[in-house]
Undergrad: 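Starting off with a structure, shown below.
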Amino acid sequence: MKKLMITALVCAAFVSVYAQDAKKEDTKYRRSSLYMMMLPDDDLEGDQLEVVENAFTTKAFPDKYNNHNLKKTVFSAQNVKAIDVTQDQIHAAEELLNSKKKGIGKIAGKLGGFMKKHEEKPDTAQKENTKNAGYIAKLNKYFDENHVAQKLFAKWLGGGETADKGKKPISYQLVEARGLQTLSQEEIATNRDLYLGEAMSDIIPRTFIMVNRYAYTPAEEIIAMTAAVADQFGGGGYASLGGALLSKVLKGYFVITNTYLYQLDLTNEQVTNLVEKYKEDISGIYNDESIKLKYVGKTMKYAPATMKLSTKSDADTKLIARATVRATDAAIADLQKKYEEFKTLATLHQEDDGTLFSYIGKKEGIDSGDKFEVLERVMKDGKETFKVVTTIKVDKKGVWDNREGAGEIIQGAAQDKEDDDINTSLTYTTFGKSKKMLEGSLIRQVK
């Protein structure tokens with residue numbers, strides 16, 4: 001009964017903020033594909049774990065990516081502990097983790113005063129680094145032993161999680177649905193094989209895995225981790241604040257996610273060669289060791305949950321569920337800013353008076369003053385490329401708060417300074433006005 005009640009409350013919390021009567025249709029383009037997974041931190045257990053897991057599994061999949069999930073999306077603590085790794089594997093993962101960090105030293109300088117007051121923080125930083133390396137080593141081993149890269153590739157071509165008995169030719173149905181949607185039937189009819197080949201070599205390598213390691217932790221631990229591993233944040237937000245000020249800003253318990261990003265490690269040419277090799281029988285894909293994953297990078301994000309360590313009330317359940325969604329969305333947004341290959345596009349719309357707007361906002365990590373490129377899509381010989389037409393900037397106080405539960409006041413919520421002075425009346429983010437006809441253009445955030 002408890003589990004059913006939590007599931008119902010979580011589902012009720014996820015009423016879409018996009019339900020708008022007059023919303024304009026977005027422009028179609030070739031999207032990247034994503035496989036999302038979660039695993040619990042060591043101390044996430046009991047009711048908190050149940051709420052976080054339900055929030056993760058019932059959350060609407062990010063609408064800027066194609067859903068490429070395999071069956072297993074949730075690791076249990078037992079699953080994680082059962083994956084044995086050696087010290088050499090952990091050390092290799094630690095070297096990989098350190099090589100992928102962004103902005104090292106940039107934020108640490110701003111937090112220098114706070115770190116001097118806490119001499120134990122270097123040890124905290126090392127422990128956190130080693131802990132992340134341990135999880136990455138376990139994920140690497142799991143992905144290798146379970147042929148996850150091969151399964152993701154096979155899924156593109158009509159394969160299941162295991163090879164079928166007997167000979168089975170490749171199917172192009174999924175590639176057509178995701179890769180040819182921007183073309184008219186007349187265009188496809190003129191040279192289907194050319195367009196299909198270009199689509200495969202373009203979208204299959206843009207297949208990602210995002211693994212979220214969730215914890216439910218007090219503000220004091222976040223403050224300590226922020227000071228100890230400030231470079232993990234990539235700049236901005238709380239990472240630029242001193243410890244004393246952070247202590248005044250953050251109060252209560254938060255859902256935190258350490259998020260690890262992987263990608264299919266295939267070139268366009270490799271995809272073409274593999275499709276040609278297995279077009280008559282897909283079964284060989286599942287044991288092809290040339291199909292691999294690569295580690296892209298990580299981020300750490302958090303969102304306010306409850307003032308007290310509790311899941312006893314409906315409000316507590318809603319708050320933890322909302323925090324899980326917000327932390328996940330923040331992680332996606334940060335990874336997009338850090339890693340160009342993971343970036344998505346959005347559609348730019350235009351009112352009759354020239355006002356430019358888009359259905360993106362705080363959920364996507366957008367702030368006033370952020371710059372975007374306006375793109376013109378160019379299709380030539382089946383290849384999709386983009387030409388920069390102009391640049392635009394987000395208006396001051398023009399950011400739409402489209403985060404989960406925006407504007408909803410729930411008693412007992414943790415304190416988070418960033419929630420102050422939010423204009424919840426907006427239903428899109430604005431970018432000023434233009435005399436040019438830009439309706440339906442695609443936009444991409446500039447670093």
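Atoms considered below: every heavy atom in the structure, side chains included; atoms not considered: hydrogens, waters and symmetry mates.
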Undergrad: Given side-chain contact (heavy atoms from CB on, under 4.5 Å), test D41 with T217 step by step and report yes or no.
TA: CA-CA 10 Å; D41 198 64; T217 188; over 6 Å; no

Undergrad: If you take all heavy atoms of Q270 and S290, which pair is closest and at what distance?
TA: NE2-O, 4.5 Å

Undergrad: Between Q263 and P205, which heavy-atom pair has the shortest distance, and what is it?
TA: NE2-O, 3.0 Å

Undergrad: For the side chain of K138 and the backbone of I83, is there at least one donor-acceptor N/O pair under 3.5 Å apart?
TA: yes

Undergrad: Do K362 and N402 have side chains that get closer than 4.5 Å, going by heavy atoms?
TA: yes

Undergrad: Between T86 and D88, is any side-chain donor less than 3.5 angstrom from a side-chain acceptor?
TA: no

Undergrad: Decide, yes or no, whether a salt bridge links K59 with E404 under the criterion of side-chain N to carboxylate O below 4.0 Å.
TA: no

Undergrad: Is there a donor-acceptor pair closer than 3.5 Å between any side-chain N or O of D395 and the backbone N or O of G432?
TA: yes

Undergrad: I need the minimum non-hydrogen distance between Y359 and T427, along with the two atoms involved.
TA: CD2-O, 3.8 Å

Undergrad: Do L139 and Y262 have side chains that get closer than 4.5 Å, going by heavy atoms?
TA: yes

Undergrad: Within the structure provided, determine whether L274 and L266 are in side-chain contact (heavy-atom separation under 4.5 Å).
TA: yes

Undergrad: Under the salt bridge (charged side-chain N to carboxylate O under 4.0 Å, His left out) rule, what do R403 and D329 come out as? Steps first, then yes or no, please.
TA: CA-CA 8 Å; R403 293 175 298 175; D329 288 338; over 6 Å; no

Undergrad: Assess the side chains of E95 and H91: does a donor N or O sit below 3.5 Å from an acceptor N or O?
TA: yes

Undergrad: At what distance, to the nearest 0.5 angstrom, does CG of L96 lie from CG of N132?
TA: 12.0 Å

Undergrad: Can you list the steps and then say if R322 with I410 is a side-chain contact (heavy atoms from CB on, under 4.5 Å)?
TA: CA-CA 10 Å; R322 183 174 72 178; I410 305 176; 4.0 Å; yes

Undergrad: We want to know whether N79 and S76 form a side-chain donor-acceptor pair, criterion being a heavy-atom distance below 3.5 angstrom.
TA: yes

Undergrad: Please check if any side-chain donor atom of T306 sits under 3.5 Å from a side-chain acceptor atom of D316, or the reverse.
TA: no

Undergrad: Does a side chain donor of either S33 or R178 reach within less than 3.5 Å of an acceptor in the other side chain?
TA: yes

Undergrad: Taking the six-membered ring for Trp, are Y65 and F342 ring centroids under 6.0 Å apart?
TA: yes

Undergrad: Let me confirm one number: the OG1-CD distance from T344 to Q445, rounded to the nearest 0.5 Å.
TA: 9.5 Å

Undergrad: A cation-pi test, strictly: NZ or CZ of R206 under 6.0 Å from the centre of the six-membered ring of F208 and no more than 45 degrees from its axis. Yes or no?
TA: no

Undergrad: Apply side-chain contact (heavy atoms from CB on, under 4.5 Å) to L345 and I443, showing your working.
TA: CA-CA 6 Å; L345 305 178; I443 56 175; over 6 Å; no

Undergrad: Kindly check if the number of other-residue, nucleotide or ligand heavy atoms within 6.0 Å of CD (E341) is above 12?
TA: yes

Undergrad: Locate the shortest heavy-atom distance separating A414 from G252; write the atom from each residue and the value.
TA: CB-CA, 4.1 Å

Undergrad: Are any side-chain N or O atoms of N67 and backbone N or O atoms of N69, one a donor and one an acceptor, separated by less than 3.5 Å?
TA: yes

Undergrad: Less than 4.5 Å apart, any side-chain heavy atom of F56 and any of M36?
TA: yes

Undergrad: Could you check whether Q150 and N287, counting side-chain N and O atoms only, form a donor-acceptor pair closer than 3.5 Å?
TA: no

Undergrad: Does the side chain of F372 reach to within under 4.5 Å of the side chain of D370, using non-hydrogen atoms?
TA: yes

Undergrad: Give a yes or no on whether D352 atom CG has more than 12 heavy-atom contacts from other residues, nucleotides or ligands under 6.0 Å away.
TA: no

Undergrad: Got a sec: does the NZ of K343 have more than 12 other heavy atoms crowding it under 6.0 Å?
TA: yes

Undergrad: Hey, are the side chains of L426 and V399 touching, using non-hydrogen atoms and a 4.5 Å cut-off?
TA: no

Undergrad: Sub-3.5 Å donor-acceptor pair from the side chain of S358 to the main-chain atoms of T347, do we have one?
TA: yes

Undergrad: What distance do L309 atom CG and Q48 atom CD have between them, rounded to the nearest 0.5 Å?
TA: 5.5 Å

Undergrad: Quick one: pull up NE2 in H349 and CG in L356 and give me the separation to the nearest 0.5 Å.
TA: 11.0 Å

Undergrad: Could you go step by step and tell me if F153 and K151 meet the side-chain contact (heavy atoms from CB on, under 4.5 Å) rule?
TA: CA-CA 5 Å; F153 185 75; K151 290 176 182 178; over 6 Å; no

Undergrad: Minimum heavy-atom separation for Q350 to S434, with atom names?
TA: NE2-O, 3.0 Å

Undergrad: Looking only at the aromatic ring of each residue, does the gap between the centers of Y253 and Y216 stay below 6.0 angstrom?
TA: yes

Undergrad: Could you tell me if the side chain of E53 sits less than 4.5 Å from the side chain of V74, heavy atoms only?
TA: yes

Undergrad: Please check this pair: side chain of K337 against backbone of G365, looking for a donor-acceptor N/O pair closer than 3.5 Å.
TA: yes

Undergrad: State, without any angle test, whether Y214 and T328 hold a side-chain donor-acceptor pair at a distance under 3.5 Å.
TA: yes

Undergrad: Within 45° of the axis and under 6.0 Å from the centre of the six-membered ring of F75, does NZ or CZ of K72 qualify?
TA: yes

Undergrad: Using 30° and 60° as the class limits, which term best fits the ring planes of Y260 and Y135: parallel, tilted or perpendicular?
TA: parallel

Undergrad: With a 6.0 Å cut-off (strictly less than), is the heavy-atom count around NZ of K141, excluding the residue itself, greater than 12?
TA: yes

Undergrad: Are the ring centres of H68 and Y35 closer than 6.0 Å?
TA: no

Undergrad: How far does CZ of R377 sit from NZ of K28, to the nearest 0.5 angstrom?
TA: 10.5 Å

Undergrad: Treating E145 as the side-chain partner and Y142 as the backbone partner, does any N or O pair qualify as donor plus acceptor under 3.5 Å?
TA: no

Undergrad: Between the side chain of T324 and the main-chain N/O of V52, is any donor-acceptor distance below 3.5 Å?
TA: no

Undergrad: Just by modelled atom types, is the A330 backbone N or O under 3.5 Å from a matching donor or acceptor in the D334 side chain?
TA: no

Undergrad: Check whether any side-chain heavy atom of L264 lies under 4.5 Å from a side-chain heavy atom of L293, and answer yes or no.
TA: yes

Undergrad: Checking T299 side chain against T259 main chain: does a donor-acceptor pair fall under 3.5 Å?
TA: no

Undergrad: Roughly how far, to the nearest 0.5 Å, is the CG atom of L44 from the CZ atom of R213?
TA: 11.0 Å

Undergrad: Hey, is the main chain of K298 close enough, under 3.5 Å, to the side chain of K338 for a donor-acceptor pair?
TA: yes

Undergrad: Taking all heavy atoms of L97 and all of A133, pick out the closest pair and write down the distance.
TA: CD2-N, 4.2 Å

